[in-house]
Amino acid sequence: MNENTQKALELLNEKKAVLVLCKEGDIQIFEKDSIKSLVSLCNSGKDYYGYSCAIKSAGRAAAFLLVNLEVTEVYAVNLQKLAVNVLDRAEIAYTTENKFENFSKIADKGAPEKAFSEEGSGTAETTEFLEKIENAVVRSGSALVALQDIRRALS
């Protein structure tokens with residue numbers, strides 16, 4: 001685990017956050033809704049290449065968004081097995097405490113029973129962003145499934 005990932009993990013735990021991005025002192029902390037936060041980061045236009053990420057729970061939708069951001073390393077407290085495939089294909093290094101099949105199986109371990117929040121979903125900005133991804137993505141099974149997960153989460 002690199003220094004940026006270690007710092008992101010420390011802040012994830014200290015700040016009770018759900019998502020932290022870190023690169024050489026540039027730190028972004030998010031306390032709610034990791035999917036909505038990741039979509040917002042993708043829409044920001046900022047270059048996140050080389051950033052490290054610490055995240056509480058990551059499914060394949062979150063993994064796909066992290067690939068889109070071009071982070072180079074991910075620490076996930078809980079990591080869905082399907083997300084592992086997405087990260088592996090993108091050659092993004094990852095570390096996890098717990099691999100799981102689906103979010104409902106880790107609900108009793110403190111992770112959210114539902115992967116996504118409905119708060120603030122379905123915005124025109126989000127829809128436009130998803131259409132851009134769909135137009136750009138290579139039509140592979142896991143990428144399309146991740147897009148469907150993101151759409152479902154934000155609609």
Side-chain angles (χ1 to χ4, degrees), residues 1-103 105-106 109-112 114-117 126 129-154:
M1 190 177 336
N2 72 37
E3 187 176 307
N4 287 321
T5 307
Q6 288 175 342
K7 180 66 175 172
L9 177 58
E10 288 171 17
L11 291 169
L12 186 77
N13 292 322
E14 285 175 20
K15 303 290 184 180
K16 304 289 187 220
V18 295
L19 173 69
V20 177
L21 271 76
C22 180
K23 180 181 178 183
E24 300 168 6
D26 182 12
I27 299 168
Q28 297 190 30
I29 300 171
F30 301 89
E31 296 177 356
K32 294 182 182 178
D33 199 339
S34 57
I35 294 293
K36 186 176 176 186
S37 299
L38 288 167
V39 168
S40 177
L41 291 169
C42 289
N43 281 331
S44 73
K46 183 175 178 177
D47 182 10
Y48 287 97
Y49 177 78
Y51 276 70
S52 292
C53 170
I55 188 168
K56 285 287 183 185
S57 295
R60 73 179 152 221
F64 185 76
L65 290 167
L66 290 166
V67 168
N68 188 59
L69 287 172
E70 297 183 305
V71 301
T72 53
E73 188 170 19
V74 174
Y75 180 93
V77 176
N78 297 295
L79 185 64
Q80 187 180 29
K81 289 181 181 177
L82 292 170
V84 169
N85 297 336
V86 174
L87 296 173
D88 281 343
R89 286 184 184 159
E91 298 180 354
I92 294 176
Y94 64 88
T95 306
T96 186
E97 293 175 23
N98 178 34
K99 286 185 188 174
F100 62 95
E101 294 293 331
N102 60 51
F103 282 93
K105 290 187 178 181
I106 61 167
K109 296 181 181 178
K114 189 168 182 184
F116 312 109
S117 164
T126 299
F129 169 73
L130 292 172
E131 287 170 0
K132 285 180 187 177
I133 291 177
E134 283 177 332
N135 291 331
V137 78
V138 176
R139 298 278 172 191
S140 71
S142 67
L144 287 177
V145 172
L147 286 172
Q148 291 166 354
D149 286 350
I150 295 166
R151 266 203 189 280
R152 191 171 36 254
L154 298 172

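The structure displayed is predicted, hence computed values, not measured ones.
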## Note on the structure
On a heavy-atom basis, the closest approach of Ile55 and Val74 is CG2-CG1, 4.3 Å
### Query
Taking atom CZ of Phe100 and atom NZ of Lys81, what is their separation to the nearest 0.5 Å?
10.5 Å
### Task
Begin with the C-alpha distance, continue with both residues' side-chain angles, and end with the deciding distance and a verdict on side-chain contact (heavy atoms from CB on, under 4.5 Å) for Leu38 and Leu66.
CA-CA 7 Å; Leu38 288 167; Leu66 290 166; 3.7 Å; yes
### Task
Please indicate whether Glu14 has more than 12 foreign heavy atoms, meaning atoms of other residues, nucleotides or ligands, lying under 6.0 Å from its CD.
yes
#### Entry: Value rounded to 0.5 Å, distance of CG in Leu21 from OG1 in Thr5
10.0 Å
### Task
Examine distances only and state if a side-chain atom of Asn98 and a backbone atom of Val77 form a donor-acceptor pair shorter than 3.5 Å.
no
### Task
Using modelled atom types only, decide if a donor and an acceptor are shared between the side chain of Lys23 and the backbone of Tyr49 within a distance under 3.5 Å.
yes
### Query
Under 3.5 Å, is there a donor-acceptor pair between the side chain of Ser37 and the main chain of Lys32?
yes
### Task
To the nearest 0.5 angstrom, please state how far the CG atom of Asp47 sits from the CG atom of Leu69.
9.5 Å
### Message
Can a donor-acceptor pair be found, under 3.5 Å and without considering hydrogens, that links the side chain of Gln80 to the backbone of Arg60?
### Response
yes
### Taking every non-hydrogen atom, the tightest pair across Thr96 and Ala76
OG1-O, 2.8 Å
### Message
Just by distance, no angles: are the side chains of Tyr51 and Glu70 close enough, under 3.5 Å, to form a donor-acceptor pair?
### Response
no
### Query
Given side chains that start at C-beta, do those of Val67 and Arg89 come closer than 4.5 Å, heavy atoms only?
no
### Closest contact, heavy atoms only, Cys42 versus Asn68
SG-ND2, 3.2 Å
### Task
Could you grab the distance from atom SG of Cys22 to atom CD of Glu10, nearest 0.5 Å is fine?
9.5 Å
### Summary
Given the options Asn4, Ile29, Asn13, Val20 meets side chain to side chain contact (heavy atoms under 4.5 Å, CB included) only with Ile29
### Message
Quick check against the 3.5 Å criterion: does Ser57 have a side-chain atom that pairs as donor or acceptor with the backbone of Asn78?
### Response
no
### Task
Measure across Leu79 and Leu87 and return the closest heavy-atom pair with its distance rounded to 0.1 Å.
CD1-CD1, 4.2 Å
### Query
Atom CD of Glu97 and atom NZ of Lys56: how far apart are they, to the nearest 0.5 Å?
8.0 Å
### Message
Please enumerate all residues that pass salt bridge (Lys or Arg N to Asp or Glu O under 4.0 Å) together with Lys15, with sequence neighbours excluded.
### Response
none
#### Entry: Ser52 side, atom OG; Met1 side, atom CE - distance, nearest 0.5 Å
10.0 Å
